[in-house]
Amino acid sequence: MAGGFLGKTLAAVSLSVALASVTVKYLGGCSVAAYRNSLSSCRFHVNSNMMSGFNGIKHSHNKARTSPYPGSKVQRSQVPNDKVGWFVEWRDYNPVEYTAVSVLAGPRWADPQISESNFSPKFNEKDGQVERKSQNGLYEVENGRPRNPAGRTGLVGRGLLGRWGPNHAADPIITRWKRDRSGNKITHPISGKNILQFVAIKRKDCGEWAIPGGMVDPGEKISATLKREFGEEALNSLQKSSAEKRELQDKLHRLFSQEHLVIYKGYVDDPRNTDNAWMETEAVNYHDETGEIMDNLTLEAGDDAGKVKWMDISDKLKLYASHAQFIKLVAEKRDAHWSEDSETGCPG
């Protein structure tokens with residue numbers, strides 16, 4: 001859903017974005033200027049059905065084509081699987097134009113319209129305090145508008161997203177082992193592996209359970225976003241007194257200063273995505289091995305969260321956007337229970 005790597009990127013992996021058709025994987029070796037001048041001058045690799053990541057997991061480009069568009073009655077133009085990839089010529093493609101009123105109102109977190117004369121964004125670059133580089137490499141800009149690297153979505157404009165191009169987020173995945181009353185780890189009766197739990201919030205906007213993450217503010221470091229978002233959504237830090245906030249920050253510092261795993265960096269198949277604006281995230285796992293740190297933190301939903309709770313990790317999870325894929329990776333890295341099936345190598 002930005003920023004540099006966090007700590008030791010022992011598990012820096014990238015989920016693939018499976019495109020149901022064909023997209024382009026950037027292999028490096030060309031400048032932004034060269035990219036803008038001629039796509040043919042850069043080294044690209046055409047890959048069938050997916051934009052490959054380091055771990056080879058395929059990630060479907062489906063939620064970005066669903067209707068109605070979140071928070072509206074807007075219906076996307078239908079995009080069949082074989083027409084998702086931009087390399088496929090589709091002269092009759094007629095996407096719906098939509099940018100939410102809340103975005104057009106010009107809040108501080110949103111760009112102006114491309115047509116405004118005083119707006120000259122520097123795509124594929126760090127544009128002042130705004131990060132317009134993608135985690136997945138260079139993206140194409142056509143008629144002044146950035147183009148979704150994962151393919152067509154049936155909708156142009158920005159929808160609910162503030163930035164043209166990548167909108168960077170950070171997702172802190174806080175985990176602990178599930179334990180019995182005696183403090184012993186609980187193992188799953190079928191897989192025989194220890195059960196891992198993570199802090200989940202129920203989003204107010206759509207009612208789905210999710211990782212308590214959020215958008216990276218301009219100029220903000222990813223590490224700061226991860227801590228801030230967890231505090232706001234899972235601990236209701238915005239409503240605390242000054243003294244309570246200081247105490248909370250001390251406890252959060254202990255949690256977020258320990259060893260961690262960068263689980264994923266890159267494009268997210270999100271229902272808010274459009275042809276010109278899309279979500280990217282950095283998902284990071286902070287694990288409380290003994291449970292002592294989180295025992296001293298009381299979960300309390302705040303900000304965009306309606307509810308918050310510890311949730312057992314398994315393949316039965318139904319989560320927002322691509323969050324279940326991130327959680328699956330955490331379970332694999334921690335050698336925790338995920339599925340009752342004997343073979344868990346292929347994602348569902």
Is any side-chain heavy atom of [X] less than 4.5 Å from a side-chain heavy atom of [Y]?
X: Arg91; Y: Glu89; result: yes
X: Ile222; Y: Val216; result: yes
X: Phe230; Y: Val199; result: yes
X: Asp171; Y: Leu226; result: no
X: Phe198; Y: Leu317; result: yes

Between [X] and [Y], does any side-chain donor sit less than 3.5 Å from a side-chain acceptor?
X: Asp275; Y: Tyr93; value: yes
X: Asn276; Y: Arg163; value: no
X: Trp177; Y: Glu289; value: yes
X: Ser322; Y: Gln325; value: no
X: Glu220; Y: Thr225; value: yes

Could you tell me whether a side-chain N or O of [X] sits under 3.5 Å from a main-chain N or O of [Y], the two making a donor and an acceptor?
X: Gln258; Y: Leu255; answer: yes
X: Asn285; Y: Ile173; answer: yes
X: Asn136; Y: Tyr267; answer: yes
X: Thr99; Y: Arg158; answer: yes
X: Asn273; Y: Asp269; answer: no

(Q) Is there a side-chain contact (heavy atoms from CB on, under 4.5 Å) between Arg334 and His287? Walk through the geometry before answering. (A) CA-CA 9 Å; Arg334 300 290 178 187; His287 180 63; 3.4 Å; yes
Looking at [Y] and [X], is any side-chain nitrogen of the basic one under 4.0 Å from a carboxylate oxygen of the acidic one?
X: Glu340; Y: Lys316; value: yes
X: Glu125; Y: Arg132; value: no
X: Arg145; Y: Glu97; value: yes

Q.
Is the distance between the ring centroids of His323 and Trp209 under 6.0 Å?
A.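 Distance test on ring centres: not under 6.0 Å, no.
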Q) Looking at the rings of Tyr139 and Trp278, which for Trp means the six-membered one, are their centres under 6.0 Å apart? A)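 Under 6.0 Å, so yes.
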Calculate, to the nearest 0.5 Å, the distance between atoms [atom1] and [atom2] belonging to [X] and [Y] respectively.
X: Thr290; Y: Arg179; atom1: OG1; atom2: CZ; result: 7.0 Å
X: Leu238; Y: Glu232; atom1: CG; atom2: CD; result: 4.0 Å
X: Leu161; Y: Asn167; atom1: CG; atom2: CG; result: 4.5 Å
X: Thr274; Y: Arg76; atom1: OG1; atom2: CZ; result: 7.5 Å
X: His168; Y: Glu131; atom1: NE2; atom2: CD; result: 5.0 Å

Q. Looking at Val308, Ile201, Leu235, which hits side-chain contact (heavy atoms from CB on, under 4.5 Å) with Pro212?
A.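 Only match with Pro212 under side-chain contact (heavy atoms from CB on, under 4.5 Å): Ile201.
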(Q) If you apply the rule side-chain hydrogen bond (donor to acceptor under 3.5 Å, both in side chains), what do you find for Asn148 with Thr153, and how did you get there? (A) CA-CA 8 Å; Asn148 189 323; Thr153 68; 5.5 Å; no
(Q) What verdict does the side-chain contact (heavy atoms from CB on, under 4.5 Å) test give for Ile195 and Lys185, after you've listed the backbone C-alpha separation in whole Å, the side-chain angles of each residue and the deciding distance to 0.1 Å? (A) CA-CA 8 Å; Ile195 298 174; Lys185 294 179 183 178; over 6 Å; no
(Q) For Tyr286 and His260, take the angle between the two ring planes, folded into 0 to 90°, and tell me which bin it lands in: parallel under 30, tilted 30 to 60, perpendicular over 60. (A)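 The rings of Tyr286 and His260 sit tilted, inter-plane angle from 30° to 60°.
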